[in-house]
Colleague: 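To start, I am sharing the structure in question, which I have written as structure tokens.
Chain letters run A, B, ... following the sequence lines, proteins first, then strands; residues in each count from 1. Note: hydrogens, waters and symmetry copies are ignored here, and every other heavy atom, side chains too, is used.
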4 protein chains.
Amino acid sequence: MNEKMQAVQYVSKFERILNAATEAFAESGYHQTPVSKVAHLAGVADGTIYLYFKNKEELLVRLLQERLGDFIVCMRRELSNCKTTEASLRTIVKTHFSYMEQNRSLAIVVRLELRKPNQHVRSAISGPLLEYFSLIEEVVQQGIERKEIPRINLRTARQLIFGSLDEATTDWVMARNPQALMTCVEPMLTLFKGALRLRKPKGRKQIVTLQKREEDGNADS
Amino acid sequence: MNEKMQAVQYVSKFERILNAATEAFAESGYHQTPVSKVAHLAGVADGTIYLYFKNKEELLVRLLQERLGDFIVCMRRELSNCKTTEASLRTIVKTHFSYMEQNRSLAIVVRLELRKPNQHVRSAISGPLLEYFSLIEEVVQQGIERKEIPRINLRTARQLIFGSLDEATTDWVMARNPQALMTCVEPMLTLFKGALRLRKPKGRKQIVTLQKREEDGNADS
Amino acid sequence: MNEKMQAVQYVSKFERILNAATEAFAESGYHQTPVSKVAHLAGVADGTIYLYFKNKEELLVRLLQERLGDFIVCMRRELSNCKTTEASLRTIVKTHFSYMEQNRSLAIVVRLELRKPNQHVRSAISGPLLEYFSLIEEVVQQGIERKEIPRINLRTARQLIFGSLDEATTDWVMARNPQALMTCVEPMLTLFKGALRLRKPKGRKQIVTLQKREEDGNADS
Amino acid sequence: MNEKMQAVQYVSKFERILNAATEAFAESGYHQTPVSKVAHLAGVADGTIYLYFKNKEELLVRLLQERLGDFIVCMRRELSNCKTTEASLRTIVKTHFSYMEQNRSLAIVVRLELRKPNQHVRSAISGPLLEYFSLIEEVVQQGIERKEIPRINLRTARQLIFGSLDEATTDWVMARNPQALMTCVEPMLTLFKGALRLRKPKGRKQIVTLQKREEDGNADS
DNA sequence: TATGAATGAGCGTTCATTCAT
DNA sequence: CATGAATGAACGCTCATTCAT
């Protein structure tokens, strides 16, 4: 949405700096990027950055908070329409891939900074990140409550889901000629369903033959 | 393992520098760490580092190459003893967790640097990394050939396996009071088997009922 | 006195800025103080300052000129009522201490800026300062003419008087819990009288015994 | 002494930087002087400064500590040879003027920094300064004990002595064509003796006529 | 080989000053 | 007159790298 507004018309300096920082940090990494480069990309003077951000680190932190917060809002909205666990899982995969695909630079920055040992940055973004983790775990938890998923360790399940999505995104980001991330939605979803041993919800037949299940899998991939 | 050798007796300066760099980079990140700190930790003069490494970046690259290479060798050796696909998967999970747990600093550095946009570093470590990816994909491929796993997208499967292991490691690294990584082996393995729809190998009955499969799952968790 | 006027009612922006600058410069020194801080204290916008002062330095210069001029006027007025040299000396000490005590911030700024090597500032304030020096020297000169003081070097006498007053003020300014400056008037005056070998004026006996003089001294201290 | 060594032969980088800083700070003041200017004057690279001093402020503090310490040592040595209070007073005046005259740049820096409100710097140099104050007060105290000086307030006496010497130095420093500071020794000393009502020591005649005293004064000036 | 003092390019940040409103 | 957002030059400081010993 930020990018669109920018393309269309007026964008506040705050947003322009944030967007510039996203591009710059994605290209060479936070520490490699001089503030002057961000300023240049944003079309403002170096000093102007400091009218909007206390220092370079706050620029990074705000960037992550704003954008991740955006992502979470988006994800939560999409999830609210999902009736079944399968729909929820598909929404997570689709939304994750779609958001990252449309915000490639952000994807690069986020993936990197999430791994940095800097406590300051970590704690600043832990809010949105933990919320995302909760969202995923809630979906699994709900599946368990609905008897669509056997009892499994929530944390491990979340690690699998988030880790896989993140790794797929990393592959896409690193590849020179990546195929669209969105083409990976169904294959990944199929693996998730298998991992979580997801059954059809209550109304359906409980006993399915193995053949039947394999057909599902084939249909998905 | 590196640490033990160091403790026992003589360690070459080359190794001492590499170990010092691992610790230092893990603590504050590559760019945050002055070469002088590495030198101090290694007990050598600043200039000495440049007798063994062309520059700071090569220090990082060699570090990753050496250690990841080590890891791959270790992983390959363990895998060579595995008869079944399940055994191979378990070995991957166990070895990954065990190695990272015993080389925490290395784990921190690797996870981070794998995400850096720096092309130089990326290409330098792509060797060992791609080899690890191949190893994982080979295990899945073999499973498919042995009919233990249905035909699935190898890359997606690899993304799921590596991404999940990496994310679990990240959680462990970031946590203040982490529980041992090794306790996650079986839960994670169960998810993997589900995701890959792993069946018992050929000698056994081909048709299994759903109940049977669920017993497996319960037994694992 | 400035503060009172300000408290009572309307103060011109010019004065408000000057007062704000006095406080600010006293607190952290001229170079340490951003113009924006002065503006904030004065309750005006940064740019407004430049409507009244050419630049930051002129703000300092005008401040010193205005306030020192004030002080000189005040001193001259008080001196005009003094009949004897002793009275004049006492007035100098009293007025100096009293003015500084009631304008502590000004005292801090003046003492500091009088020592700065910056030629521009020096020459700008040399007017009031030299006038003060003349005032002091005139008192001594008059004492000599009246035969109350033996012939002595005027400049040295002025250095002693001004230097002592300034040093006492410095001590008072720097002390955490200073005792009132005014308590130092008589002790300091006694020393001055001794230094200048001040005798009773003409009408009295010309020849005094040493005992007599010592009684004076005791009476003073 | 430092300057002499430098002229003669080898001077450590530490001293060269300190000397360069003294010159530079004297010329334009501490805050006006870029570290790069000090480095240039010292004939070293900017970064080299930071091998010897933690930061710019420490450069100033060490400069003041070292040089003032030097001065105190010098003063104490000279004073140890003085038998009478008059001799001690003369030594103080002579040594103060002589040291400042031979270290003009230092004089400028010291006089200025002594007035800065910066607590950090103040406390760092308070050691040598307070020691100097004590030295002066001890001389006066001794004079009182020897009955050469009537009982007077030590602090006020010290303010008069130090303030006068400092003001004379300021005049000399600020003047474009100053006459030698040393020519002021005897006039100033005469004033001091009068201020302190210094008598000849015990062995001599106690009663002196006024004429006699005035001869003394004339002889001194 | 090994050292570590020295270098100087480069960066984060401040702040006096301007100018469109 | 008044504003305050914007500017960009300038400075303090770091640290990768070199080289004389």
Side-chain angles (χ1 to χ4, degrees), chain A residues 12-14 16-17 30-40 42-60, chain B residues 12-14 16-17 30-40 42-60, chain C residues 12-14 16-17 30-40 42-60, chain D residues 12-14 16-17 30-40 42-60:
Chain A
S12 74
K13 280 220 168 90
F14 181 87
R16 257 163 56 206
I17 293 169
Y30 170 73
H31 279 109
Q32 270 12 21
T33 307
V35 169
S36 60
K37 186 179 179 183
V38 175
H40 183 75
V44 300
D46 294 16
T48 304
I49 303 262
Y50 293 87
L51 296 178
Y52 294 89
F53 303 92
K54 206 170 77 243
N55 50 36
K56 193 187 176 189
E57 186 176 300
E58 212 208 47
L59 177 53
L60 171 62
Chain B
S12 75
K13 278 211 171 108
F14 182 86
R16 260 162 53 206
I17 294 170
Y30 169 73
H31 280 111
Q32 255 52 338
T33 305
V35 171
S36 62
K37 185 180 179 183
V38 176
H40 182 76
V44 301
D46 294 16
T48 304
I49 299 221
Y50 290 84
L51 298 176
Y52 294 88
F53 304 92
K54 203 172 78 238
N55 51 34
K56 192 185 177 189
E57 187 175 295
E58 212 208 48
L59 176 54
L60 172 62
Chain C
S12 73
K13 277 209 171 108
F14 182 86
R16 261 165 48 208
I17 293 170
Y30 170 73
H31 280 111
Q32 256 51 340
T33 306
V35 170
S36 62
K37 186 180 180 183
V38 176
H40 181 77
V44 301
D46 294 16
T48 304
I49 299 220
Y50 290 84
L51 298 177
Y52 294 88
F53 303 91
K54 203 172 77 239
N55 51 34
K56 192 187 177 189
E57 187 176 295
E58 212 209 48
L59 176 53
L60 172 62
Chain D
S12 74
K13 280 219 168 91
F14 181 87
R16 257 161 58 206
I17 293 169
Y30 170 73
H31 280 110
Q32 270 10 22
T33 306
V35 170
S36 61
K37 186 178 178 184
V38 176
H40 183 76
V44 300
D46 293 17
T48 304
I49 302 264
Y50 293 87
L51 296 178
Y52 294 89
F53 303 92
K54 206 171 75 244
N55 51 35
K56 192 188 176 190
E57 187 176 299
E58 212 208 47
L59 176 53
L60 172 62

Colleague: Is it true that a side-chain atom of A:K56 and a backbone atom of A:Y30 form a donor plus acceptor pair closer than 3.5 Å?
Modeller: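 Between the backbone of A:Y30 and the side chain of A:K56 there is a qualifying donor-acceptor contact (under 3.5 Å).
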Colleague: Enter the distance from D:L59:CG to D:Y50:OH here, rounded to the nearest 0.5 Å.
Modeller: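 Going from CG on D:L59 over to OH on D:Y50, the span is 8.5 Å.
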Colleague: Is B:F53 touching bases, backbone alone, or none of the nucleic acid, heavy atoms closer than 4.0 Å?
Modeller: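 Counting heavy atoms under 4.0 Å across all strands, no contact is made by B:F53.
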Colleague: Take the protein atom CD1 of C:I17 and the nucleotide atom P of F:dC1, then report the distance between them rounded to whole Å.
Modeller: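 My rounded result for the distance is 11 Å.
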Colleague: Indicate whether OP1 or OP2 belonging to F:dC1 is found under 4.0 Å from a side-chain N or O atom of C:K13.
Modeller: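 False: C:K13 side-chain N/O out of range (4.0 Å or more) of F:dC1 OP1/OP2.
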Colleague: For a quick check, with a 4.0 angstrom heavy-atom cut-off, what is the B/S/- contact string for nucleotides 13-21 of chain F, read 5' to 3'?
Modeller: BB-SBB---
Colleague: Please report the distance, rounded to the nearest Å, between CD1 in D:I49 and P in E:dG8.
Modeller: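 After rounding, the reported distance stands at 13 Å.
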Colleague: Round to a whole Å and report the spacing from CZ of D:F14 to P of E:dA6.
Modeller: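 One finds 13 Å between P of E:dA6 and CZ of D:F14, rounded.
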Colleague: Please report the interatomic distance CD1(B:I49) to CZ(B:R16), rounded to the nearest 0.5 Å.
Modeller: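 Interatomic distance, B:I49 CD1 to B:R16 CZ, rounded to 0.5 Å: 10.5 Å.
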Colleague: Identify the two heavy atoms, one from C:Y52 and one from C:E58, that lie closest to each other, and give their separation to 0.1 Å.
Modeller: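 Taking every non-hydrogen atom into account, O-OE1, 4.2 Å.
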Colleague: Drop me the distance from D:K54's NZ to D:E57's CD, to the nearest 0.5 angstrom.
Modeller: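 Spacing of NZ (D:K54) from CD (D:E57) equals 8.0 Å.
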Colleague: Measure from CG on A:L59 to P on E:dC11 and round the result to the nearest Å.
Modeller: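 So the two atoms are 16 Å apart, to the nearest Å.
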Colleague: What orientation do D:H31 and C:H31 show, parallel under 30°, tilted 30 to 60°, or perpendicular over 60°?
Modeller: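 Geometry flag for C:H31 against D:H31: tilted rings.
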Colleague: Go through DNA chain F and write down every stem, that is, every run of at least three consecutive Watson-Crick or G-U wobble pairs with distances under 3.5 Å, as range with range.
Modeller: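 Consecutive-pair runs (3 or more) involving DNA chain F: E:2-21 with F:2-21.
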Colleague: Tell me: CZ of D:R16 to P of E:dA6, nearest whole Å?
Modeller: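 To the nearest whole Å, that distance equals 9 Å.
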Colleague: Give, for atom CD1 of B:I17 and atom CG of B:L51, the distance between the pair rounded to the nearest 0.5 Å.
Modeller: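 It is 8.0 Å, given to the nearest 0.5 Å.
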Colleague: Is the shortest side-chain N/O distance from A:Y52 to OP1 or OP2 of F:dA6 below 4.0 Å?
Modeller: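 True: A:Y52 side-chain N/O within range (under 4.0 Å) of F:dA6 OP1/OP2.
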Colleague: Let me confirm one number: the CG-OG1 distance from A:L60 to A:T33, rounded to the nearest 0.5 Å.
Modeller: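 OG1 of A:T33 is found 10.0 Å from CG of A:L60.
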Colleague: Can you check the D:L60 CG to F:dG12 C1' distance for me, whole Å?
Modeller: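 Interatomic distance, CG of D:L60 to C1' of F:dG12: 15 Å.
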